Amino acid sequence: MIHCSNNPRKRGHFGASTFVLFGTLFLVGFSRAIAAPPSAEQLALYEQGDEGSRVKLLIHLAKNGGPGQADWLLRKYPLQGAHAANRQLFIEGLILKAGGDYTGATKKFRSALAADPKLTLVRVELAQTLVTLEQDDSALYHLQQLSAEAPTENAANDLRSFMQKIDERSPFRKSFWIAAAPSSNVNNGSTEIDPAKPYLRPEKPKKAIGVSSGANIGYSKRLGNDFSLAVGAGANGTFYTMRTLSSFALNQSLEIRRLLQTGYLGIGLVTGQSMNVELVDLNSFSYGPRLSLVHAISNKTSISADATYEWRNANEDYISGSDGNALLLNGSLTHAFAQGFSVTGTFGYTDMDVELDTKSFESLSGGVSVHKELPYGVTADVLARLAHTQFDGAQSFRPAAELPIVTLDVREDWTTTASIKLTKRDLNILGFAPAINYTYSNTSSSVFLFNTDNHAIDLRFTKDF
């Protein structure tokens, strides 16, 4: 950790007056010769100082025209004590930043944060350096973490305003991801057989290895002082060697946002398409209006919510009885306990009303997720969610072509999902940090054909680090 106390009582025998004299001698003596070694008197004073005073002076020199002196002293008198490694990385980063090596500085700052994510001074310098490098995605992530510890609401509002300006300077935003996707039970087949109905044989689950990938592009434009326009499009899919298991979807959105001091209120239109990968054709498309809200209750707590009403149309050649509409409601409440540590509660509701009762349903879900920056440069994102889905009509099943259709129970599902993602945030690969994600899901259904047990693991890359 980097501790630079302003309390003279915490500096031992090297008090405030000595520090002022000490700093004045250095600033005067070093102002004319950037790499000149200190005089014997200056060295004597430096040697008398305790570790905290030395660190404070080195930071001052590195940030105020004396990076050469800071570097000379750092090499001549290596820092000692429990926090020496992080302090040295921080000061080395400041020296590189002063010399214009911003990329090198970010590596030093990231390394210090990898060991201790609670170092506010380091995160501030990292965020500023990332802004200079125009690595806005990463900069906004760290500024968001810092906002959790803003001393006042005014400071938090100033920080949000600064983040908004960073967001606006790059109207086009792009992101993509690609991941290996080994998975079991990828077709959601059931492993169970009902002893009372041995002639009913569900499709056996399959194991497969594939590739998941996705890309998004967005454009935002400020419209005067109070409004902005946001346009976005995305594509994502999972592709297996067995093309019948593959999936691909597209989405588009257009939104007008009323800007608020603490967020925004948006109204717009969303559209989506799902594709039949095997036949390279359209499976279905949807469209409808959406309302969205983002609001910061305080510097530590924020909410987001959206409501979408969709009209859905299916390609009858592949999907029958799926034309209809859907209401989707989603909300989340996030509280940041500290920088790099936040908890989010989520809520979801879906009302699907289509032609067939066996495909119409109501679903209610709730969950909690935790985001925590850990030592050794690892960030953990843990999610747990429970969903209940009640279908409108009894399910039917034809065991074989020559046998009659069997009517089963009305389907009711309980689905549990748990996932953990570990990101190595101090490993920068072309501006991305690698992350490994494991997801487990289990569905317990009143109709045994739909009981599933899924495991999936993938490796992906992120800019949130």
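Being a predicted model, the structure only gives us computed values, none of them experimental.
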*With a cut-off of 6.0 Å (strictly less than), are more than 12 heavy atoms of other residues, nucleotides or ligands near CZ of Arg222?*
yes
*Between Phe227 and Arg257, is there a cation-pi geometry (under 6.0 Å to ring centre, at most 45° from the normal)?*
no
*Do Phe391 and Asp413 come within less than 4.5 Å of each other through their side chains, counting heavy atoms only?*
yes
*Taking the inter-plane angle between the rings of Tyr141 and His371 on a 0 to 90° scale, is it parallel (under 30°), tilted (30 to 60°) or perpendicular (over 60°)?*
perpendicular
_Short side-chain donor-acceptor distance under 3.5 Å, Asn283 and Asn315_ = no
*Is the number of heavy atoms from other residues, nucleotides or ligands within 6.0 Å of CD (Gln261) greater than 12?*
no
*asked:* Check the orientation of Trp311 and Tyr309. Use parallel for under 30°, tilted for 30 to 60°, and perpendicular for over 60°.
replied: perpendicular
*Please examine the side chains of His335 and Leu333, heavy atoms only from C-beta on, and report whether any two atoms are closer than 4.5 Å.*
no
*Can a salt bridge be assigned to the pair Asp426 and Lys424 using a cut-off of 4.0 Å between side-chain N and carboxylate O?*
yes
*What is the distance from atom CD1 of Ile59 to atom CZ of Arg87, rounded to the nearest 0.5 Å?*
8.5 Å
*NZ (Lys372) with more than 12 external heavy atoms under 6.0 Å*: yes
*Is Phe361 close to Thr350 at the side-chain level, that is, under 4.5 Å between some pair of heavy atoms?*
yes
_Result of checking Asp453, Asn451, Thr415, Thr417 against Asn442 for side-chain hydrogen bond (donor to acceptor under 3.5 Å, both in side chains)_ = Asp453
*Would you mind reporting whether Leu113 and His142 have side-chain heavy atoms less than 4.5 Å apart?*
yes
*asked:* For the CG atom of Asn313 and the OH atom of Tyr287, what is their distance to the nearest 0.5 Å?
replied: 5.5 Å
*asked:* Can you confirm whether Ser322 sits close enough to Arg312 that some side-chain heavy atom of one is under 4.5 Å from a side-chain heavy atom of the other?
replied: no
*What distance separates Ile166 CD1 from Leu140 CG, expressed to the nearest 0.5 Å?*
5.5 Å
*Classify the side-chain pair Asn251/Ser253 by whether it contains a donor and acceptor separated by less than 3.5 Å.*
no
